[in-house]
S.K.: 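Just dropping this structure here.
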Amino acid sequence: MLPAQALLGACLLFAGPSVAANTCQTPINHPGEPFSNVQSLNTTILSPYGHSPLILPSPNTTGNGGWEKALLKAKKFAHKLTLEEKSWMATGQPGPCVGNVLPIPRLNFTGLCLQNGPQCVQQGDYSSVFISSVSAAASWDRQLLYDRANAMAKEHKAKGSHVILGPIGGPLGRSPYDGRTWEGFAADPYLTGVCMEETIIGMQDAGVQANAKHFIANEQETQRNPTYNPDANETTYIQDSVSANIDDRTLHEIYMWPFANAVRAKVASAMCSYNRVNGSHACQNSYLLNHLLKGELGFQGYVMSDWGATHSGVSSVESGMDMTMPGGFTLYGELWNGSFLGKNLTRAIQNGTIEMSRLDDMVVRIMTPYFWLGQENNYPSVDASVGPLNVDSPPDTWQYDWKFTGESSRDVRANHSAMIREHGSASTVLLKNKGNVLPLKKPRNIVIAGNDAGPLTQGPDLMGDFEYGHLAGSASSGSCRFSFLSTPLDAISARARKDGSIVQSFLNNTLLTTTALTSPLWIPQQPDVCLVFLKSFSSEGEDRTSLDLDWNGNAVAEAVANNCNNTIVITNSGGVNVMPFADHPNVTAILAQHYAGEESGNAIADVLYGDVNPSAKLPYVIAYNASDYNAPVTTAVQTNGTFDWQSWFDEELEVGYRYFDAHNISVRYEFGFGLSYTTFDLKSLKVKNSAPKNLTALPAKRPTEPGGNPALWETVYTLEAEVSNTGDVDGYAVPQLYVGFPSSAPSGTPPSQLRGFDKVWLPAGEKKNVSFDLMRRDVSYWDVVAQDWRIPAGEFTFKAGFSSRDFHAKKADTLIKS
C-alpha cells in the first residue's frame with residue numbers, strides 16, 4: 001500500500017465506458033485528528049471510466065502573466081509568518097463574512113472577507129440587486145457583462161469584501177433541471193467563456209478578487225454532498241456525493257472551456273466543487289487541480305473549497321487545494337471547532353507529512369492576488385452590518401474577537417439602479433410577436449394577470465417558491481436583500497395612469513384557472529391587452545422536478561387566452577420552461593425574463609411600451625416537450641452502497657443545442673433566438689484574413705501562460721459579414737458565427753458550434769460590417785491521444801446568422817493546407 005500522504009485518489013477517465021478499471025479512493029481525516037492518523041479506503045471498482053494518474057507535487061505559483069511583482073510581496077509577507085499563522089491563513093474561520101481569513105494585526109493584515117455575490121452583495125443592506133447571470137448571458141453583450149460585474153464589485157468593495165464568490169462556469173447547464181443554472185450563464189462553453197472573462201475583468205478592475213466556480217462538472221444539486229450519519233459526532237458517509245463520470249475530450253471541450261477563459265482573465269481564485277469526478281472528490285483530485293488547472297491552464301491563483309467540500313486533510317492539500325472553507329463548520333446544528341486543516345495542518349508540517357514548501361505555496365498563492373489588486377492599501381473595512389445578516393456563521397459562533405471600523409450600514413448603491421433597469425430590458429428575450437402587437441400603443445383597457453405581477457407578500461428581502469410576488473432573484477447563497485423592488489404591476493399601472501387607461505389585476509393563479517374567468521368581468525369591454533406574468537423558481541440545494549411554469553402557470557396562460565384575444569405572456573425564471581401555450585392563437589406575444597433584479601418591473605415595461613427595442617437572445621434551447629431534453633440529473637439510486645451515486649455524462653459533447661442539432665430534433669425556440677421590433681439581414685460572409693499557409697495541426701509548444709498554451713489564443717482566421725437593419729426601427733443586431741468541423745474530426749463532433757458573436761447598433765436602413773476572429777482553440781478539438789488541441793484536416797463550414805438554426809450566409813474553407 002502507498003504511504004498515507006500519497007493516497008490522493010484523483011480519478012478521471014481517459015477511455016470510453018467500455019473500458020473497465022479500478023477506481024482509487026482517497027483517505028479520510030476526521031476533524032480534530034492528526035494527519036498521521038489517516039484512514040484509507042480500499043481500492044474498489046466504481047466506474048468503468050477508469051482512474052487518473054496521481055499528479056504530484058502541486059505546482060508552485062510563479063506569478064507568470066503579470067503577477068511577478070505581487071508574487072515577491074507575497075513571498076516577503078509569507079516569510080514573516082509563523083507556522084501557525086500560515087496554517088490558519090489556509091483555513092477559514094466563522095466571522096462576519098460568509099468566508100473569513102483571520103487578521104494578523106502585527107503585520108497590519110486585516111484578514112480576508114469572502115462574500116457570495118452572483119447577483120448582489122448577499123449580506124448587504126443598502127446595496128443593489130443586479131440582473132442574474134443567466135440574464136446577463138441572454139444580453140449577448142460584452143460591455144453589459146463588464147459593466148454589471150464592475151458595478152457589483154464596487155458595491156462589494158465598499159462593504160469590505162475582498163473576494164466575490166463568482167462568477168460561475170459550472171453548472172454550465174448540461175441539464176435544464178439543474179437548480180443553479182440561473183447563477184451560471186449559458187448552456188454553451190463558448191458563450192459562458194466570454195461571460196466568465198468579461199465578468200472577471202470587470203470585477204478585478206474594481207479591485208476585488210473574483211472566484212471562478214465550481215471546478216468542475218458540478219451539474220446537479222441532488223446528492224452534491226455525501227449523506228452523513230445523523231449522529232453529529234460522526235462524519236462517516238452513508239452514501240458519498242454523486243460522481244460526474246466524464247471522458248477526457250468532453251471535459252476539455254465543454255466543461256473546462258470556460259475555466260480556461262477565466263484563468264486567461266487572471267482570476268484570483270477558483271473554487272473546487274462538491275461533487276466527485278470519476279470517483280474522487282473534486283477538492284482532492286490531483287489530476288483536476290494539479291495537472292489540469294494549475295498545470296495545463298497555468299492557473300496562478302489559489303484553489304478554495306466549496307463550503308464543506310473538503311473531505312480530507314493530506315489528500316486535499318497535496319492534490320492542490322490551497323484554502324478550506326468555511327474552516328470551522330456547522331453540521332446538523334452543531335458547530336465543529338475542528339477542521340481538516342488549521343491545527344491539523346500545523347501538525348502535518350511538524351511531523352513531516354506535508355512539506356513546508358507546499359504550505360508556503362498555499363500562502364503565496366492566497367496573498368499574491370491580494371497584493372496584485374492593491375488590497376493592502378486603504379481598503380475599506382468590513383461593514384459591521386454584514387455580520388448579523390450572516391446565516392452561515394452568525395455572531396454567536398464566532399471564536400475570534402472581530403473588530404469593526406468605519407461606517408455601519410453603508411449605502412453603496414450609487415446610481416446603479418438606472419443601469420440595472422437598462423440591463424433588465426437589454427436581457428429580456430422577445431420570443432413571439434404575432435402581428436406586431438408589441439410594442440404597446442397606449443392600450444385603454446389593460447388586464448394584468450398571474451401571480452408574478454405583484455408585490456412580494458413575504459417581504460422584499462425574501463425570494464423563494466412563494467405563491468405571490470414578482471420573482472426577481474432567487475434563494476440560498478445566491479439570494480439578495482432588496483432595498484426596493486419594481487414590480488410589473490407597479491410599473492405598468494404607472495404607465496397606464498399617464499395614458500388614462502384602465503388596469504384590472506387578477507393575481508390569484510388558482511382562481512384564474514377555476515372561477516375568476518367564468519363570469520363576465522372585463523370592464524367595460526373586451527380588454528385591449530391581457531398581460532400574463534408567470535414564474536418558475538430554481539435555487540441552490542435542490543434540482544427542478546418540472547420544466548413547467550410554477551403554480552399551474554401553463555394553465556393560467558391557456559385560461560386567460562381563452563377569454564382574451566390579445567394575450568401576452570411574460571415568463572420569469574432561472575432557465576428553461578416548456579411553453580405549450582405558445583401555440584394558442586390568442587397568445588400573441590411571449591417574452592422571457594430571467595430574474596432581472598430590483599428594476600425588473602420598470603425594465604419589462606420599457607420593452608412592452610417600446611422605449612427599448614428588445615435585442616436579447618436565448619442562452620439555451622426551449623424544446624417542445626420536457627422529454628425532448630437529454631442528460632437528466634441523477635435523482636435516485638436503487639442501491640445503498642457508499643459509492644453508488646453515479647452520473648454518467650455519456651451524452652459527451654451533445655450538450656444543449658448540440659444534442660438537438662445532432663439528432664435533428666425540432667425545437668420551439670432555438671439557442672441564440674430572439675426577436676426585435678425591427679428586422680435584420682446578414683450576407684456576404686467572406687474571408688477577411690486567411691489562415692497562415694504554414695498553419696500546423698498542433699500548436700507550437702510554448703511556455704504556459706494563464707489560460708494555457710498562448711498559441712491557443714492566437715487568431716488564425718478571420719471572417720467578415722455585412723449586417724443590415726432592414727426594418728424601420730433602430731436596434732441592436734446580434735450576428736452569430738457557428739463552425740462545422742471537417743469530416744476528419746472524431747465521431748461525436750457536433751454539427752455546429754458557436755464560435756463568435758457581436759452586438760452592433762444599427763439605425764433603421766443602415767448596414768455595417770462585422771468581423772469574427774477565430775483563435776486556434778476555436779477551430780480545434782481535443783485530441784485524447786496527443787493530449788493537445790488539434791486543427792483537423794479538411795473543409796470547415798462557417799455559418800453566420802442570428803441563431804443556431806437561422807443561417808443567412810455560409811463559407812467553406814480548409815485551414816490546414818496540404
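The analysis underlying the following values was restricted to heavy atoms, covering all of them including side chains, and did not include hydrogens, waters or symmetry mates.
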S.K.: Would you check if Trp402 and Cys97 make a side-chain contact, meaning some heavy-atom pair closer than 4.5 Å?
M.R.: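 A side-chain contact is absent here, since even the closest heavy-atom pair is not under 4.5 Å.
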
S.K.: Could you go through Asp465 and Lys535, starting from their C-alpha distance and side-chain angles, then the distance that decides it, and tell me whether this counts as salt bridge (charged side-chain N to carboxylate O under 4.0 Å, His left out)?
M.R.: CA-CA 9 Å; Asp465 192 12; Lys535 60 185 176 180; over 6 Å; no

S.K.: Do Ser477 and Leu165 have side-chain heavy atoms sitting under 4.5 Å apart?
M.R.: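 The answer is no, as the side chains (C-beta and beyond) never meet within the 4.5 Å cut-off.
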
S.K.: Test side chain to side chain donor-acceptor pair (under 3.5 Å) on Arg180 and Ser133; report intermediate values, then the result.
M.R.: CA-CA 10 Å; Arg180 297 188 80 175; Ser133 296; over 6 Å; no

S.K.: Using side-chain heavy atoms (C-beta onward) and a distance below 4.5 Å, is Ser316 in contact with Thr324?
M.R.: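 Counting from C-beta outward, Ser316 and Thr324 never come under 4.5 Å.
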
S.K.: Would you say the side chain of Ser135 lies within less than 4.5 Å of the side chain of Tyr595, judging by non-hydrogen atoms?
M.R.: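 Answer no - side chains too far apart.
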
S.K.: Could you go through the side chain to side chain donor-acceptor pair (under 3.5 Å) check for Asn290 and Ser58 one step at a time?
M.R.: CA-CA 5 Å; Asn290 288 344; Ser58 183; 2.9 Å; yes

S.K.: Hey, is the main chain of Ala212 close enough, under 3.5 Å, to the side chain of Ser269 for a donor-acceptor pair?
M.R.: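 Pair absent, no side-chain N/O of Ser269 close to backbone of Ala212.
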
S.K.: Between Glu183 and Pro118, what is the shortest heavy-atom contact and its length?
M.R.: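 Nearest heavy atoms, Glu183 then Pro118: OE1-CG, 3.7 Å.
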
S.K.: Donor-acceptor check, side chain of Asn285 to backbone of Leu288, threshold 3.5 angstrom: yes or no?
M.R.: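 Answer holds: yes.
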
S.K.: What's the shortest heavy-atom distance between Gln284 and His311, and which atoms?
M.R.: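 Between these two residues, the closest heavy atoms are OE1-C, 3.7 Å.
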
S.K.: For the pair Gln115 (side chain) and Val98 (backbone), establish whether a donor and an acceptor sit closer than 3.5 Å, ignoring hydrogens and angles.
M.R.: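 Side chain of Gln115 to backbone of Val98, a donor-acceptor pair under 3.5 Å: yes, one is there.
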
S.K.: Working to the nearest 0.5 angstrom, can you tell me the gap between Gln399 CD and Ser393 OG?
M.R.: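 If I round to the nearest 0.5 Å, the distance is 10.0 Å.
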
S.K.: Kindly compute the distance separating CG (Leu297) from CG (Asn261), expressed to the nearest 0.5 Å.
M.R.: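 Result: 10.0 Å between the selected atoms.
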
S.K.: Between Val386 and Gln123, which heavy-atom pair has the shortest distance, and what is it?
M.R.: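 It is CG1-O, 3.1 Å.
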
S.K.: So do the side chains of Leu359 and Ser87 get within less than 4.5 Å of each other, counting heavy atoms only?
M.R.: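 Yes, side chains in contact.
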
S.K.: Hey, are the side chains of Glu599 and Phe484 touching, using non-hydrogen atoms and a 4.5 Å cut-off?
M.R.: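 Heavy-atom side-chain distance check passes, below 4.5 Å.
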
S.K.: Please determine if Glu598 and Arg413 form a salt bridge, counting it only when a charged side-chain N lies under 4.0 Å from a carboxylate O.
M.R.: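 No, this pair does not count.
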
S.K.: Just wondering, are more than 12 heavy atoms of other shown residues or ligands nearer than 6.0 Å to CD in Glu355?
M.R.: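 It does not: Glu355 CD has 12 such atoms or fewer within range.
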
S.K.: Say you draw a straight line from CG of Leu112 to CZ of Phe109; how long is it, rounded to the nearest 0.5 Å?
M.R.: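 If I round to the nearest 0.5 Å, the distance is 4.0 Å.
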
S.K.: Would you find a donor on one side and an acceptor on the other, under 3.5 Å apart, between the side chain of Gln119 and the backbone of Ala472?
M.R.: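 Present.
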
S.K.: Could you walk me through whether Asn602 and Ser417 pass side chain to side chain contact (heavy atoms under 4.5 Å, CB included), step by step?
M.R.: CA-CA 11 Å; Asn602 285 327; Ser417 61; over 6 Å; no

S.K.: Sub-3.5 Å donor-acceptor pair from the side chain of Ser161 to the main-chain atoms of Ile164, do we have one?
M.R.: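 No; zero donor-acceptor contacts below 3.5 Å.
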
S.K.: Do the side-chain N and O atoms of Asp178 and Thr181 include a donor-acceptor pair separated by under 3.5 angstrom?
M.R.: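 Judged by distance alone, the side chains do not pair up.
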
S.K.: What verdict does the side chain to side chain donor-acceptor pair (under 3.5 Å) test give for Asn344 and Arg347, after you've listed the backbone C-alpha separation in whole Å, the side-chain angles of each residue and the deciding distance to 0.1 Å?
M.R.: CA-CA 5 Å; Asn344 285 324; Arg347 294 190 189 106; 2.8 Å; yes

S.K.: For Trp88 and Leu81, what are the C-alpha separation, side-chain angles and deciding distance, and is it a side chain to side chain contact (heavy atoms under 4.5 Å, CB included)?
M.R.: CA-CA 11 Å; Trp88 288 112; Leu81 299 178; over 6 Å; no

S.K.: Any sub-3.5 Å donor-acceptor pair from Gln300's side-chain atoms to Gly63's backbone N or O?
M.R.: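 Yes; judged by distance alone, with no hydrogens or angles, the pair exists.
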
S.K.: Between Tyr379 and His162, is the ring pair (Phe, Tyr, Trp, His ring centres under 6.0 Å) condition met? List the steps.
M.R.: CA-CA 9 Å; Tyr379 202 83; His162 296 89; 4.6 Å; yes

S.K.: Just to verify, which of Met89, Glu376, Met362, Lys73 counts as forming a side chain to side chain contact (heavy atoms under 4.5 Å, CB included) with Met367?
M.R.: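 Only match with Met367 under side chain to side chain contact (heavy atoms under 4.5 Å, CB included): Met89.
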
S.K.: With rounding to the nearest 0.5 Å, note down the distance linking CE in Met152 to CD1 in Ile420.
M.R.: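 It comes to 9.0 Å.
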
S.K.: Answer yes or no: is there a side-chain heavy-atom contact under 4.5 Å between Trp372 and Gln209?
M.R.: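 A side-chain contact under 4.5 Å is absent here.
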
S.K.: Within a 6.0 Å radius of atom NZ on Lys154, are there more than 12 heavy atoms belonging to other residues, nucleotides or ligands?
M.R.: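 No, not enclosed.
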
S.K.: Consider side chain to side chain contact (heavy atoms under 4.5 Å, CB included). Of Val303, Val101, Val363, which one does Met323 pass it with?
M.R.: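 So, applying the side chain to side chain contact (heavy atoms under 4.5 Å, CB included) to Met323 and each of Val303, Val101, Val363, only Val101 qualifies.
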
S.K.: Tell me if the centroids of the rings in Tyr370 and Phe77 come within less than 6.0 Å of each other.
M.R.: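 No; Phe77 has its ring centre 6.0 Å or more from that of Tyr370.
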
S.K.: Just verifying a value: how many Å separate Thr82 OG1 and Lys80 NZ, rounded to the nearest 0.5 Å?
M.R.: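 Here the rounded value is 14.0 Å.
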
S.K.: How far apart are the closest heavy atoms of Ser483 and Ser127, and which atoms are they?
M.R.: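 Of all heavy-atom pairs spanning Ser483 and Ser127, the closest is OG-O, 3.3 Å.
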
S.K.: Can you say whether the rings of His281 and Tyr237 are parallel (under 30°), tilted (30 to 60°) or perpendicular (over 60°)?
M.R.: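 Perpendicular.
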
S.K.: Has Glu219 got a side-chain atom pairing as donor or acceptor with Gly170's backbone, closer than 3.5 angstrom?
M.R.: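 Side chain of Glu219 to backbone of Gly170, a donor-acceptor pair under 3.5 Å: no, none is there.
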
S.K.: Can you tell me if CZ on Phe404 sees more than 12 non-hydrogen neighbours from other groups inside 6.0 Å?
M.R.: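 Count over threshold, so yes.
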
S.K.: Looking at every non-hydrogen atom in both residues, tell me the closest pair between Pro167 and Met203 and how far apart they are.
M.R.: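 So the minimum-distance heavy-atom pair works out to CD-SD, 4.2 Å.
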
S.K.: Side chain to side chain donor-acceptor pair (under 3.5 Å) for His470 and Thr487? Distances and angles first, verdict last.
M.R.: CA-CA 6 Å; His470 187 57; Thr487 69; over 6 Å; no

S.K.: Is Arg481 salt-bridged to Asp125, going by a charged N under 4.0 Å from an acidic O?
M.R.: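 No, Arg481 and Asp125 are not salt-bridged.
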
S.K.: Would you give the length of the straight line joining atom OG1 of Thr368 to atom CD of Glu68, rounded to the nearest 0.5 angstrom?
M.R.: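 With rounding to 0.5 Å, OG1 (Thr368) is 10.5 Å from CD (Glu68).
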
S.K.: At their closest point, which heavy atom of Phe482 faces which heavy atom of Gly597, and how far apart are they?
M.R.: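 In terms of heavy atoms, the two residues are closest at CE2-C, 3.9 Å.
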
S.K.: Quick one: does Ser474's side chain have a donor or acceptor within less than 3.5 Å of a partner on Ser538's backbone?
M.R.: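 Indeed, once roles are kept as given, a pair shorter than 3.5 Å links the two residues.
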
S.K.: Measuring only between side-chain heavy atoms, which start at C-beta, is Lys294 closer than 4.5 Å to Asp322?
M.R.: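 Of all side-chain heavy-atom pairs linking Asp322 with Lys294, at least one is under 4.5 Å.
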
S.K.: Using atom types as modelled and distance alone, determine if a side-chain donor or acceptor of Asn100 lies under 3.5 Å from a backbone N or O of Gln93.
M.R.: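 Checked: pair present.
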
S.K.: So does His594 get a backbone contact from the side chain of Trp182, meaning a donor-acceptor N/O pair under 3.5 Å?
M.R.: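 Not at all, since once roles are kept as given, no pair shorter than 3.5 Å links the two residues.
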
